[in-house]
Amino acid sequence: MSFREKIPTSPKSPLTRRRRSSWSDSWLNHPATSFKQIVSAVIHAQSPRSTSKSLISNIDRTLSLSDSLLLKILQKLPQSQNNDLSLVCKRWLTLQGRRLRTLKLHDWDFLLSGRLLSRFPKLTDVDLTNACIINPTRNSGILVCHKSISFHISSDSSNWDFAEENVLHCEIVDRGLRVLGRGSCDLLKLVVINATELGLLGLAENCSDLLELELHKCSDNLLRGIAACENLRALRLVASVDGLYGSSVSDIGLTILAQGCKRLVKLELSGCEGSFDGVKAIGQCCEVLDELTICDHRMDDGWITALSYFEKLKTLRISSCRKIDPSPGPEKLLGSCPALESLQLQRCCLNDKDGLRALFKVCDGATKVNIQDCWGLDDDSFSLAKAFRRVRYLSLEGCSVLTTGGLESVVLRWEELESMSLVSCKNIKDSEISAALSSLFSLLKELKWRPDTRSHHSSSLEGAGIGKRGSKFFKKR
């Protein structure tokens with residue numbers, strides 16, 4: 001029997017007396033009210049803790065945690081939730097800003113106003129290249145990218161010097177570097193374009209711990225301030241990029257660099273000029289240089305001879321060069337890099353046989369040789385690799401002119417070869433592998449053999465029996 005049903009009473013019953021309506025009558029007589037709801041409401045109303053619990057539920061329990069402890073907790077969360085964390089409250093927004101270490105800036109005014117450093121006070125890695133380029137067509141659907149630089153252009157634009165004409169003036173860039181230097185003493189890495197000597201000096205005065213620097217549109221005058229970065233370990237100089245901007249780094253700048261950055265471990269010269277003298281100065285002064293990258297060089301003939309002055313160089317990388325060294329000089333004057341371990345050639349034109357011969361002679365002690373997407377590497381050019389004395393690892397990728405015979409004539413002479421990787425070299429055929437080359441493959445510790453698509457498919461289907469079954473069904477009669 002529900003509470004809403006009428007209880008039968010006698011005429012003399014006291015229940016028939018008229019009484020005042022209470023708050024419970026409205027609950028009992030409401031058609032949508034259940035007994036369970038009534039009981040729970042009564043218990044909650046009579047509970048002395050109900051008021052205190054409602055107040056406690058509105059209190060932020062993280063207020064009792066210190067900032068350092070809360071930061072450790074936030075660091076355990078996935079990186080994909082970083083943006084959501086900053087929306088919780090102002091305190092979490094501030095803590096999230098303190099967590100950020102790496103930033104790629106797109107708005108230069110955000111730096112000049114001081115909001116960048118107040119919002120992210122613990123930055124150690126800052127990239128300013130995109131913010132240094134004025135982008136009036138930001139809403140355009142055409143995006144031009146070159147490594148770390150990207151900007152939008154309009155569809156009807158016929159001006160290919162867009163980046164050259166729309167880069168921020170050097171004085172504005174220097175002003176931003178001064179703001180960054182005054183508020184970011186923990187800065188370890190910086191990427192910037194079109195800075196000057198004064199801007200670099202102002203930055204180095206406050207950021208003495210700067211370890212890695214990348215200078216775009218670099219010039220000889222800019223390198224006069226490089227000596228102020230006493231603890232610099234890695235440096236990338238980009239002087240000129242075809243279609244984007246142009247500048248010049250000559251032997252003068254390379255000599256200033258060598259005398260001012262003697263603790264360099266990694267150095268990349270991209271689009272730089274120079275000659276034997278500038279490269280020699282770097283080899284003699286930067287005694288602990290471990291890795292050297294030459295990219296799209298515009299150096300004079302004979303610069304390869306200076307590589308023998310790098311006594312502790314372990315990795316030499318030559319990338320995107322249209323020439324190596326057309327006139328390296330007499331072979332008797334060529335030395336060698338005594339500590340070199342790895343030679344890497346990437347996207348280079350290797351038609352220059354004299355330069356390639358000199359390069360292999362200087363790097364004859366390398367144990368790892370990597371040639372990737374280089375054109376002009378035919379059998380005659382690859383035969384020059386016989387100059388290597390102790391190669392243990394060979395990697396060839398995208399060498400479409402090299403044949404099986406050209407490969408065999410070289411690798412059979414390397415007695416210490418242990419591993420080999422061969423990918424996308426379409427003129428190397430499985431059917432042309434000789435018994436001697438097959439015997440060498442069986443002795444290797446590691447072999448990656450995918451010279452063409454057919455070899456890739458056959459290796460992936462090995463053991464499936466698909467090829468054998470097909471031969472039964474399609475057998476000629």
Side-chain angles (χ1 to χ4, degrees), residues 102-118 120-121 123-135 147-149 151 163-241 244-250 252-261 263-264 267-272:
T102 302
L103 180 69
K104 192 170 186 178
L105 186 66
H106 292 270
D107 185 1
W108 192 258
D109 292 334
F110 191 61
L111 170 61
L112 293 180
S113 64
R115 289 177 293 168
L116 173 66
L117 299 177
S118 61
F120 309 107
L123 289 175
T124 59
D125 184 348
V126 180
D127 187 347
L128 303 177
T129 50
N130 290 329
C132 291
I133 297 179
I134 304 172
N135 203 344
K147 296 185 178 179
S148 61
I149 301 177
F151 53 89
E164 181 76 35
E165 297 179 358
N166 290 274
V167 67
L168 288 177
H169 194 271
C170 56
E171 293 182 359
I172 300 178
V173 176
D174 289 347
R175 192 191 315 163
L177 292 182
R178 288 193 294 270
V179 174
L180 183 64
R182 287 195 298 265
S184 184
C185 298
D186 297 331
L187 192 64
L188 300 178
K189 179 181 179 181
L190 175 66
V191 184
V192 67
I193 180 173
N194 204 31
T196 67
E197 174 189 359
L198 296 178
L200 198 58
L201 289 172
L203 177 72
E205 183 179 355
N206 297 292
C207 301
S208 58
D209 295 332
L210 189 66
L211 298 178
E212 189 171 351
L213 185 61
E214 185 172 330
L215 301 174
H216 289 258
K217 209 172 184 298
C218 184
S219 63
D220 293 340
N221 291 330
L222 171 59
L223 292 175
R224 298 181 187 275
I226 201 71
C229 305
E230 299 178 352
N231 295 317
L232 205 61
R233 296 294 183 271
L235 177 63
R236 181 171 184 248
L237 304 182
V238 184
S240 181
V241 178
L244 290 181
Y245 50 80
S247 189
S248 176
V249 174
S250 64
I252 297 176
L254 296 181
T255 304
I256 296 173
L257 162 67
Q259 296 176 353
C261 300
R263 298 182 182 181
L264 278 182
L267 174 64
E268 178 176 343
L269 303 176
S270 180
C272 296

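For this chain, numbers begin at 1 and follow the sequence in order. Computed from a predicted model, the values in this text were never measured in an experiment.
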Next item on the list: Any chance you could measure C229, atom SG, to L213, atom CG, to the nearest 0.5 Å?
Entry: 5.5 Å

Check: Does the side chain of L190 come within less than 4.5 Å of L128's, by heavy atoms?
Finding: yes

Note to self: Within the 4.5 Å heavy-atom criterion, are V167 and V173 side-chain neighbours or not?
What the structure shows: no

Item checked: Straight-line distance of I133 CD1 to H106 NE2, nearest 0.5 Å -> 11.0 Å

Margin query: Holding to side chain to side chain donor-acceptor pair (under 3.5 Å), I want the full list of residues that pass it with S113, two or more places apart in sequence or in another chain.
Written below: R115

Check: Between N194 and H169, which heavy-atom pair has the shortest distance, and what is it?
Finding: ND2-C, 4.0 Å

Checklist line | Distance-minimising heavy-atom pair for S247 and S219 | finding: OG-CB, 3.5 Å

Next item on the list: For the pair D127 (side chain) and T129 (backbone), establish whether a donor and an acceptor sit closer than 3.5 Å, ignoring hydrogens and angles.
Entry: yes

Note to self: Just so I know, are the side chains of V192 and H216 near enough to count as touching, which here means a heavy-atom distance under 4.5 Å?
What the structure shows: no

Checklist line | Minimal non-hydrogen separation, G246 against K217, with atom names | finding: O-NZ, 3.9 Å

Checklist line | For W108 against G176, the heavy-atom pair lying closest together | finding: CZ2-CA, 3.7 Å

Notebook entry, point to check: Among T102, L111, L187, which one satisfies side chain to side chain contact (heavy atoms under 4.5 Å, CB included) with V126?
Noted result: L187

Item checked: Stepwise side chain to side chain contact (heavy atoms under 4.5 Å, CB included) check, N130 with K104 -> CA-CA 8 Å; N130 290 329; K104 192 170 186 178; 3.1 Å; yes

Margin query: Could you work out, with side-chain contact (heavy atoms from CB on, under 4.5 Å) as the rule, every residue matching T255, not counting sequence neighbours?
Written below: Q259, A281

Check: Going from CG on L116 to CG on D107, what distance comes out if it is rounded to the nearest 0.5 angstrom?
Finding: 10.0 Å

Next item on the list: Measure the spacing between CG of L235 and CG of L210 and express it to the nearest 0.5 Å.
Entry: 10.0 Å

Checklist line | Non-hydrogen atoms of G181 and C207 that approach each other most closely | finding: CA-SG, 3.8 Å

Margin query: According to side chain to side chain donor-acceptor pair (under 3.5 Å), who are the partners of N231, at least two apart in sequence or on a separate chain?
Written below: R263

Could you list the donor-acceptor pairs under 3.5 angstrom formed by side chains in residues 220-227, with sequence neighbours left out?
| residue | atom | partner | partner atom | Å |
| --- | --- | --- | --- | --- |
| D220 | OD1 | S250 | N | 3.0 |
| D220 | OD1 | G253 | N | 3.2 |
| D220 | OD2 | S250 | OG | 2.6 |
| N221 | OD1 | R224 | NE | 3.4 |

Margin query: Once side chain to side chain donor-acceptor pair (under 3.5 Å) is applied, do any residues pair with T196, and if so which ones, sequence neighbours excluded?
Written below: D174

Note to self: I need the full list of salt bridge (Lys or Arg N to Asp or Glu O under 4.0 Å) pairs touching residues 189-204, with sequence neighbours left out, sorted by first then second residue.
What the structure shows: K189-E212

Item checked: A234 to L264 - nearest heavy-atom pair and separation -> N-CD2, 3.9 Å

Next item on the list: Using the side chain to side chain contact (heavy atoms under 4.5 Å, CB included) rule, take V249 and L254 through it: C-alpha gap first, then chi angles, then the decisive distance, then the call.
Entry: CA-CA 7 Å; V249 174; L254 296 181; 4.0 Å; yes

Check: Could you state the interatomic distance from CD (E205) to CG (L200), rounded to the nearest 0.5 Å?
Finding: 12.0 Å

Margin query: Taking side chain to side chain contact (heavy atoms under 4.5 Å, CB included) as the criterion, tell me which of L123, L105, L117 meets it with L180.
Written below: L117

Notebook entry, point to check: For the atom pair CZ (R178) and CG (N206), what is the distance rounded to the nearest 0.5 Å?
Noted result: 11.0 Å

Check: Taking only residues two or more places apart in sequence or in another chain, which ones pass side-chain contact (heavy atoms from CB on, under 4.5 Å) with L188?
Finding: T124, D209, L211

Note to self: Check this for me: I252, atom CD1, are more than 12 non-hydrogen atoms of other residues, nucleotides or ligands nearer than 6.0 Å?
What the structure shows: no

